[in-house]
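Heads up, the thing below is written out as structure tokens.
Both ligands and their constituent atoms are indexed starting at 1 by order of listing. Atom set for the values below is all heavy atoms of this structure, side chains included, hydrogens, waters and symmetry mates excluded.
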Amino acid sequence: MLYHFYIQSKKLSSVLRSVKTLAKPAGARGYSSESVPDRKVAVLGAAGGIGQPLALLMKLNPLVSRLALYDIANTPGVAADVGHINTRSEVAGYMGNDQLGQALEDSDVVIIPAGVPRKPGMTRDDLFNINAGIVKDLCSAIAKYCPNAIVNMISNPVNSTVPIAAEVFKKAGTYNEKKLFGVTTLDVVRAKTFYAGKANVNVPVVGGHAGITILPLFSQATPKANLADEDIKALTKRTQDGGTEVVEAKAGKGSATLSMAYAGAIFADACLKGLNGVPDVVECSFVQSTVTELPFFASKVINLTDNVN
Ligand SMILES: NC(=O)C1=CN([C@@H]2O[C@H](COP(=O)(O)OP(=O)(O)OC[C@H]3O[C@@H](n4cnc5c(N)ncnc54)[C@H](O)[C@@H]3O)[C@@H](O)[C@H]2O)C=CC1
Ligand SMILES: O=C([O-])CC(=O)C(=O)O
């Protein structure tokens, strides 16, 4: 009986070895390695409420060939878990400042959901003192280890963390305004949901990522719905208060994580497509801007290079 089991498992491992050899040259399932360039994505804050589902969603993205998961704690477990999923990318976990350089090296896209979230009664600005320091340190390391990477800033307050990142990169001499993005995709996701609750609608959201600075343009939504002024007002207010709605519903257990991971994955995918030369990729993002007199403003960005609005 035992011998039989031994023979069976021998057979199985030799079958698995040949499957592995066969699978290797093809790279991702359904993609040949020639048509999809290798791309490394690093997630900083990967063991957090956003970081974990975002790590999962990036593991599912066939445009990613290497996924680096960094946090100050708990990344080995997250990396081992996500790493068992049989998709294209190789996953590695990095923990603590000593391993930050390795996590960042050769990254094409760095996504930053590191930092503290809100509790009921707080504004995003109340996170400034802690998160500004975290973002500053992480961006200094990005300037050192992967100065050409595209940076997707999720940590709040986005209206401040993006300008902080810009200053850190300027000081390091690595600033490229076309590669620094505040992730406001969740505002767009919410505006779309509240507008129609369907996937095939479009609602641009401009301005910033806090309260009344979030400006959904329902007048430019497609398909057009000819909404009454009161409806537009109500939809606008719900979009602006979307973050607070989740913070209150979670009652002290943090802010939006799952919808943010979804939004972050959409935005990172757009960045990867832009890097890979896919034309006409448009997303709203909080970027350095000349659209208004404000130095940073969320608006439509095309191919992650040119402001179109
Ligand atoms: N841009 C947006 O639309 C949204 C932004 N956020 C923001 O995202 C941030 C993260 O939120 P959650 O994931 O819910 O928080 P969380 O507390 O669940 O996770 C944060 C993670 O960051 C890690 N971290 C702390 N300092 C770090 C450092 N120096 N380096 C690397 N990792 C570090 C923590 O260990 C933790 O695992 C918050 O600032 C929150 O306000 C949240 C939702 C939407
Ligand atoms: O509201 C928060 O603190 C988190 C956030 O930015 C959002 O959900 O839009």
Side-chain angles (χ1 to χ4, degrees), residues 42-55 68-79 93-101 103-104 110-142 151-162 164-165 181-191 193 205 207-211 213-214 216 238-250 252-268 283-286 298:
V43 180
L44 312 184
I50 296 167
Q52 292 200 36
L54 182 58
L69 303 179
Y70 174 81
D71 204 302
I72 49 174
N74 302 325
T75 27
V78 178
Y94 302 91
M95 190 168 65
N97 206 39
D98 290 352
Q99 298 184 357
L100 178 56
L104 290 172
V110 180
I111 315 174
I112 312 184
V116 291
R118 281 202 281 166
K119 287 192 183 336
M122 292 170 84
T123 69
R124 292 179 181 83
D125 277 347
D126 295 329
L127 306 172
F128 181 89
N129 284 345
I130 298 181
N131 289 355
I134 293 173
V135 161
K136 176 176 171 276
D137 292 347
L138 293 174
C139 289
S140 302
I142 291 170
V151 175
N152 294 179
M153 184 65 70
I154 292 175
S155 311
N156 269 318
V158 166
N159 291 1
S160 305
T161 50
V162 172
I164 288 170
F181 299 98
V183 182
T184 55
T185 319
L186 182 52
D187 301 319
V188 176
V189 166
R190 285 178 177 139
T193 304
V205 182
H209 179 66
T213 69
I214 301 168
R238 180 138 190 236
T239 307
Q240 291 175 335
D241 294 345
T244 308
E245 186 178 322
V246 179
V247 168
E248 280 168 5
K250 290 199 174 180
K253 297 264 187 258
S255 54
T257 53
L258 303 173
S259 51
M260 181 59 239
Y262 171 74
I266 288 180
F267 192 75
E283 289 293 337
C284 290
S285 177
F286 187 69

Using heavy atoms and a threshold below 4.0 Å, how should the contact between Glu248 and ligand 2 be classified: side chain, backbone, both, or neither? neither
closest protein heavy atom to atom 8 (O) of ligand 2 is Arg190 NH2, 2.8 Å
Atoms in ligand 2 flagged as close to Arg118, the criterion being non-hydrogen separation under 4.0 Å: 1 (O), 2 (C), 3 (O)
Ligand 1 atoms nearer than 4.0 angstrom to some heavy atom of Leu127 are 41 (O)
Could you name the option among Gly115, Ala261, Ala263, Gly242 that has the heavy atom nearest to atom 22 (O) of ligand 1? Gly115
Classify the contact between Asp187 and ligand 1 as side chain, backbone, both or neither, using a heavy-atom distance cut-off of under 4.0 Å. neither
Please could you name the atoms of ligand 1 that Thr257 approaches to less than 4.0 Å, counting only its heavy atoms? 14 (O)
Are any of the N or O atoms of Asp71 closer than 3.5 Å to those of ligand 1? yes
Just heavy atoms, cut-off under 4.0 Å: does Asn131 contact ligand 1 by side chain, backbone, both, or neither? side chain
Looking only at distance, does Ala256 have an N or O less than 3.5 Å from an N or O of ligand 1? no
For ligand 2, note which part of Val246 has a heavy atom under 4.0 Å away: side chain, backbone, both or neither. neither
Checking the N or O distance criterion of under 3.5 Å, is ligand 1 in contact with Val116? yes
Minimum-distance protein heavy atom relative to atom 9 (C) of ligand 1: Pro113 O, 3.8 Å
At a non-hydrogen distance cut-off of under 4.0 Å, which region of His209 contacts ligand 1 (side chain, backbone, both, or neither)? side chain
Please work out whether any backbone atom (N, CA, C, O) or any side-chain heavy atom from C-beta onward of Val183 is under 4.0 Å from ligand 1, and answer side chain, backbone, both or neither. backbone
Backbone, side chain, both or neither: what part of Asn74 comes under 4.0 angstrom of ligand 1, heavy atoms only? neither
From CG (Leu127) to CZ (Arg118), nearest 0.5 Å: 7.5 Å
How far is atom 4 (C) of ligand 2 from its nearest protein heavy atom, and which residue and atom is that? Asn156 ND2, 3.6 Å
Could you identify the single nearest non-hydrogen protein atom to atom 18 (O) of ligand 1 and state the distance to 0.1 Å? Gly49 N, 2.8 Å
Shortest non-hydrogen contact between Pro113 and Gly51, atoms and distance: CG-CA, 4.2 Å
Part of Val158 with heavy atoms under 4.0 Å of ligand 2, whether side chain, backbone, both or neither: neither
Just going by heavy-atom distances, which of Val158, Asn156, Ile112 is nearest to atom 7 (C) of ligand 1? Asn156
For ligand 1, which atoms have a heavy atom of Tyr70 less than 4.0 angstrom away? 30 (N), 31 (C)
Side chain or backbone of Ile50 under 4.0 Å from ligand 1, or both, or neither, by non-hydrogen atoms? both
Tell me, which protein residue and heavy-atom name are nearest atom 6 (O) of ligand 2, and how many Å apart are they? His209 NE2, 2.6 Å
Is there side-chain contact between Pro216 and Asp187, with heavy atoms separated by less than 4.5 Å? no
Name the closest protein heavy atom to atom 1 (N) of ligand 1, giving the residue it belongs to and the distance to 0.1 Å. Ile154 O, 3.1 Å
For ligand 2, which atoms sit closer than 4.0 Å to a heavy atom of Gly243? 1 (O), 7 (C), 8 (O), 9 (O)
Just let me know how Arg124 lines up against ligand 2, side chain, backbone, both or neither, with a heavy-atom cut-off below 4.0 Å. side chain
Consider every N or O of Gly48 and every N or O of ligand 1, then say whether any pair is closer than 3.5 Å. yes
So if I count the atoms of ligand 2 from 1 in the order they appear, which ones are less than 4.0 Å from some heavy atom of Ala256? 8 (O)
Heavy-atom contacts under 4.0 Å between Ala114 and ligand 1: side chain, backbone, both, or neither? both
